[in-house]
Amino acid sequence: FVRETSRIGVRREEALGAALLLVLAGVLGAKVLGLAVDRLLGATTSVTQSAGAIHGAVVAGLAFCVWVARRLRISYLTTLDCAAPAVALGQGIGRFGCFFAGCCWGIGYDGPLHVVFTSEVARDLTHVPLDVPLFPVQLLDGGVHLALSVLLARSFVPSGHDRVGPASGRRAALRLVLEGFVRFSIESLRGDATRGAWGDYASTGRVTAVALVAAGLTILVVRARSAK
């Protein structure tokens, strides 16, 4: 984020401070959505135990970027463009953290590259089933998001001192649409009910995934109309 905003003339010190607050907003958003889902499912997870729901962080970040844009004196869409690669990178790293913690596990799967959790500590904290072959969905999700971060970093790169720029919003839209498609698809490989699953297809992740795709498409439509 600091590197991307420096391309358009934002001071590194200002960008770093805004980035730290943006991370904090994301953590709080993830906690709030995670606890809300837990309550809906009748779980009694505490604030300290709950890692949160990643899309809560995304939604909170989208909202907090309104303040960040004003703070850095750049447009809202440019702020989202600058944040997109870092957010995807953070999600990728976070999914590897999920794997090591034992949460967000995959469906039962005894094919190549399956994983087996054996830690009783992980089971007590996340309720992951032990000694059962599972699909390594956290590693797949993490790898996809690391690849997305590289793609986004190389797409519609802000340049010069134009704080709006002709590419403003396109990178953010790409990020939101791809995130929605990835999450909607990967949900079928998730085996944990704690994410908020209702039946075979509906889940909290799929609902928010559809919302993110809609938000990305809305940005593209608004840009197209404003360009006329």
Side-chain angles (χ1 to χ4, degrees), residues 1-33 52-97 142-183 208 211-228:
F1 181 78
V2 175
R3 183 195 66 184
E4 296 300 303
T5 52
S6 67
R7 296 180 191 272
I8 54 175
V10 176
R11 292 174 53 206
R12 295 179 64 88
E13 295 80 5
E14 287 185 307
L16 181 59
L20 293 175
L21 291 176
L22 193 56
V23 170
L24 179 59
V27 171
L28 292 176
K31 289 281 188 181
V32 169
L33 182 57
I54 189 64
H55 281 179
V58 174
V59 172
L62 289 172
F64 193 72
C65 274
V66 174
W67 178 86
V68 172
R70 293 179 179 177
R71 175 75 176 179
L72 300 183
R73 298 174 296 282
I74 58 180
S75 77
Y76 176 69
L77 290 181
T78 299
T79 305
L80 297 185
D81 284 342
C82 292
V87 173
L89 177 62
Q91 274 190 254
I93 295 173
R95 281 307 182 202
F96 287 106
V144 169
H145 277 91
L146 292 183
L148 284 180
S149 70
V150 175
L151 172 64
L152 292 167
R154 296 177 178 272
S155 303
F156 309 118
V157 179
S159 61
H161 295 275
D162 187 349
R163 292 177 177 237
V164 177
S168 181
R170 286 191 290 179
R171 182 194 267 177
L174 178 63
R175 158 69 183 149
L176 291 171
V177 171
L178 290 178
E179 167 63 21
F181 276 115
V182 168
R183 181 56 184 268
T208 54
L212 292 179
V213 171
L217 294 178
T218 299
I219 290 175
L220 292 178
V221 170
V222 171
R223 287 193 74 262
R225 289 182 177 178
S226 63
K228 293 182 179 179

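For the single chain, residues carry numbers from 1 onward in sequence order.
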Run the side chain to side chain donor-acceptor pair (under 3.5 Å) test against Thr208 and tell me which residues pass, sequence neighbours left out. His55
Approximate separation, where rounding is to 0.5 Å, of Ser155 OG and Arg170 CZ: 10.0 Å
Looking at side-chain heavy atoms only, is the closest gap between Ile8 and Cys82 below 4.5 Å? yes
In Å and rounded to the nearest 0.5 Å, what is the CG to CZ distance from Asp81 to Phe1? 11.0 Å
In terms of heavy-atom contacts, Gly216 and Ala173 come closest through O-CB, 3.4 Å
Side-chain donor-acceptor pairs of residues 90-97 under 3.5 Å, sequence neighbours excluded:
| unit_1 | atom_1 | unit_2 | atom_2 | d |
| --- | --- | --- | --- | --- |
| Gln91 | OE1 | Arg175 | NH2 | 2.1 |
| Gln91 | NE2 | His145 | NE2 | 3.3 |
| Gln91 | NE2 | Glu179 | OE2 | 3.4 |
| Arg95 | NE | Asp141 | OD2 | 2.9 |

Just so I know, are the side chains of Leu178 and Leu151 near enough to count as touching, which here means a heavy-atom distance under 4.5 Å? yes
CZ-OG1 distance between Arg12 and Thr5, expressed to the nearest 0.5 angstrom: 8.0 Å
With side-chain contact (heavy atoms from CB on, under 4.5 Å) as the criterion, how do Leu72 and Thr79 come out once you've worked through the C-alpha distance, each side chain's angles and the decisive distance to 0.1 Å? CA-CA 9 Å; Leu72 300 183; Thr79 305; 5.6 Å; no
From Glu4 atom CD to Leu152 atom CG, the distance as rounded to the nearest 0.5 Å: 10.0 Å
Who passes side-chain contact (heavy atoms from CB on, under 4.5 Å) against Ala211, sequence neighbours left out? none
Which pair of heavy atoms, one from Ser168 and one from Arg223, lies closest together, and at what distance? O-NE, 2.5 Å
Atom pairs and distances, donor-acceptor, side-chain atoms in residues 15-30, under 3.5 Å, two or more places apart:
none

So, for Ser149 and Leu146, which heavy atoms are closest and what is the spacing to 0.1 Å? OG-O, 2.6 Å
Please list, chain by chain and in numerical order, all residues satisfying side-chain contact (heavy atoms from CB on, under 4.5 Å) with Leu62, sequence neighbours excluded. Val58, Tyr76, Leu80, Leu176, Leu212
Determine the minimum heavy-atom distance between Ile219 and Gly169, stating which atoms define it. CG2-O, 3.5 Å
In this structure, SG of Cys65 is separated from CZ of Arg70 (nearest 0.5 Å) by 12.5 Å
